[in-house]
Amino acid sequence: MRKINIFDTTLRDGEQSAGVNLNAIEKLEIAKQLERLGVDIMEAGFPASSQGDFQAVKTIASAIKNSSVTGLARTNKKDIDIAWDALKYSQEPRIHIFLATSPIHMTYKLRKTPDEVLEAAVSAVKYAKQKFTHVQWSAEDATRSDKWFLARILTEVIKAGATVINLPDTVGYTTPKEYGELFTFLKENVPNISEVTLSAHCHDDLGMATANSLSAIEHGVGQIEGTINGIGERAGNAALEEIAVALHIRQDFYQAKTTLKLDEIKHTSQLISKLTGMAVPANKAVVGANAFAHESGIHQDGVLKEKTTYEIITPELIGVSSNRLVLGKHSGRHAFKQKALELGFDLSPEKLKEVFDAFKALTDKKKEVTDDDIFALLADKQTEQEDAKKYELQNVQVQYGTSNIPTATVVVTNPEGRSIEDAATGSGSVEAIYNTLGRMVEGPVTLVDYKLQSIGSGKDALADAFVKVVYKGVESGGRGSAQDVLEASAKAYLNAINRVIVHGLQEKYEVSMKG
């Protein structure tokens, strides 16, 4: 079996999803889970893009021991030096350098000739090789590039010291047949290509990211790049969980495998969905809520007689639990800590006490407490910023009637620690709450998006609310969980506001090739 390296870019390309803003604690928590999942390489960020990204990459590089950590850089010495400062203490320092090679990018974005692009790429790789053991070079927009120019520039960057060559389908333009043939062409026309690992990085604009990635494997690549849940720019990236499971189920065809711990897939998917505020569609392959649901009577009959009639992937393969009652109101703190560790959370004693208290309060209200409920409590507490000055919800009350105007009264503690109270109306209960909170926070705020989903099933299920706001000109996502949907909605709104206040978020840094 040929080993395929998994290059996870959830923390870099994935975080570029519109409205996703992860703080340093959340990024580290995701990185630890990716390490448990067994990814070979994780791209922790773009160190030169902001001080926050630099610090996050540095923290992750120092903390992660069983995966290689990398960071993105443009073809200039400043970016490479900053990346080295962030990554030099990692177990296996590596850098990912990119430069566009397509005519449209070279002409309109870079304003460089092909010779100038080649010179810049070679110079950057040579400089990076003085510091990093592993240098990955990416030909941005490779699938719209001239293949003979690709052969020429790849030959030179390999001579300069590149150890991995990545050919991204940056805008999701290519087809499986074309993408596979591109790798075959380059293997035949780049004389030193056997000295490097070939990598594929596919976007899903035409819905072919997974298919294109698998085609690349058929044509000899040794590394696949993507994100968990397929999140990322525009329509997203190739979903790594789909590729890993496809290789496992169809070993007979691909004759290739990853070393991912497949039973960690569901937990990883849940954590990333929770922290990014991007819900996983029910019909999403592998990790969607309906992935193992059978509605058709014929299908149900077949599955009851023999699961493999309609189920090629078992829920247990990816770590899906049966949602049975796992802990109850009489469970002790030790048992709860063991469950937390089982779900991938290693909390400090202080946080463990707080989340245990929240769990006990939940058991008084909810008949059955499932792994999903506990996961939601743990994720909220584990990624909470300690000793931060922020808005905290104290109380929310809504007066509603079909013949009355909904009115919300809210009490919050402001960042200075002072309790404030206000009330406002709206066309609905949630709008009344948000109109009230909008009056209470300092600075202009606009609601951009609002989503609500349940954790588990039943009338006592927890509610998960996700919001996207623009606060003081900065787009921010927030989330909140509670048994009451209105409380969850209020928490999500304040969470989005607090992300701007606590972490000093700037508008997402749009890098320029001239920078």
Side-chain angles (χ1 to χ4, degrees), residues 267 270-271 273-280 282 289 321-333 335-337 339-340 343 345 347 351-384 390-401 406-413 426 428-434 436-437 447 449-467 477-498:
H267 282 163
Q270 285 180 307
L271 181 68
S273 174
K274 177 80 174 173
L275 299 187
T276 60
M278 297 186 71
V280 177
S321 69
S322 60
N323 262 357
R324 58 186 172 83
L325 181 66
V326 288
L327 293 176
K329 65 189 301 179
H330 300 297
S331 300
R333 189 172 302 174
F336 186 81
K337 181 179 180 179
K339 174 53 66 176
L343 294 175
F345 294 90
L347 282 75
K351 285 189 173 183
L352 181 64
K353 181 183 183 305
E354 291 178 24
V355 75
F356 180 70
D357 290 343
F359 161 73
K360 296 296 276 188
L362 182 61
T363 62
D364 288 333
K365 303 174 183 176
K366 197 173 189 291
K367 184 177 180 181
E368 292 188 351
V369 180
T370 67
D371 281 6
D372 286 344
D373 296 324
I374 297 171
F375 186 93
L377 296 175
L378 290 166
D380 282 344
K381 184 56 62 178
Q382 179 77 321
T383 55
E384 186 178 89
K390 55 188 178 182
Y391 289 97
E392 291 188 9
L393 182 70
Q394 300 299 319
N395 186 51
V396 58
Q397 182 176 334
V398 178
Q399 291 180 313
Y400 172 80
T407 304
T409 302
V410 183
V411 180
V412 302
T413 302
S429 298
V430 173
E431 185 181 27
I433 292 172
Y434 287 176
T436 306
L437 290 172
L447 180 68
D449 194 15
Y450 169 79
K451 297 174 184 175
L452 190 67
Q453 65 180 38
S454 66
I455 299 173
S457 58
K459 63 183 180 181
D460 59 355
L462 284 178
D464 239 0
F466 303 92
V467 303
R479 63 184 189 279
S481 300
Q483 200 163 23
D484 183 88
V485 295
L486 299 181
E487 182 184 351
S489 300
K491 285 182 174 180
Y493 189 94
L494 289 180
N495 182 249
I497 300 296
N498 288 332

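Residue indices begin at 1 and follow the sequence shown. Being a predicted model, the structure only gives us computed values, none of them experimental.
Contact of the F345 side chain with the L271 side chain is registered, since non-hydrogen atoms from C-beta on lie closer than 4.5 Å. Contact annotation: the side chain of R479 approaches that of L275 to within less than 4.5 Å [non-hydrogen atoms, C-beta and beyond]. Two residues are said to be in side-chain contact when any heavy atoms from C-beta on lie closer than 4.5 Å; T436 and T409 fail this criterion. Between L378 and F336, some side-chain heavy-atom pair lies under the 4.5 Å cut-off. At a threshold of 4.5 Å between non-hydrogen side-chain atoms, the residues L362 and L462 count as touching. Residues I455 and F375 fail the side-chain proximity criterion, which asks for heavy atoms closer than 4.5 Å. K274 has its side chain within reach of D464: a pair of non-hydrogen atoms, C-beta onward, lies under 4.5 Å apart.
No more than 12 heavy atoms of other residues, nucleotides or ligands sit less than 6.0 Å from atom CD of Q399. The 12-atom threshold is exceeded at NZ of K360, counting heavy atoms of other residues, nucleotides or ligands nearer than 6.0 Å.
For L486 against S429, the heavy-atom pair with the smallest separation is CD2-CB, 3.8 Å. Minimum heavy-atom separation, G477 to N495: O-OD1, 4.3 Å. Taking all atoms of both residues into account, the shortest heavy-atom contact from A488 to A463 is CB-O, 3.8 Å. Counting all heavy atoms, side chain and backbone alike, G480 lies closest to K491 at CA-CB, 4.0 Å. G426 approaches A432 most closely through the heavy-atom pair N-CB, 3.7 Å. Contact between A461 and S454 at its shortest, heavy atoms only, is CB-CB, 4.3 Å.
For the atom pair OG1 of T407 and CD of Q397, the computed distance is 10.5 Å after rounding to the nearest 0.5 Å. Between the CZ atom of F356 and the CD1 atom of I374 there is a distance of 10.5 Å, given to the nearest 0.5 Å. How far CZ of F466 is from OG of S481: 7.0 Å, rounded to the nearest 0.5 Å.
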Chi angles and distances behind the ring-ring contact (aromatic ring centres under 6.0 Å, His included) call for Y450, Y493 = CA-CA 9 Å; Y450 169 79; Y493 189 94; 9.8 Å; no
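With N498 contributing its side chain and L494 its backbone, the two residues share a donor-acceptor pair below 3.5 Å.
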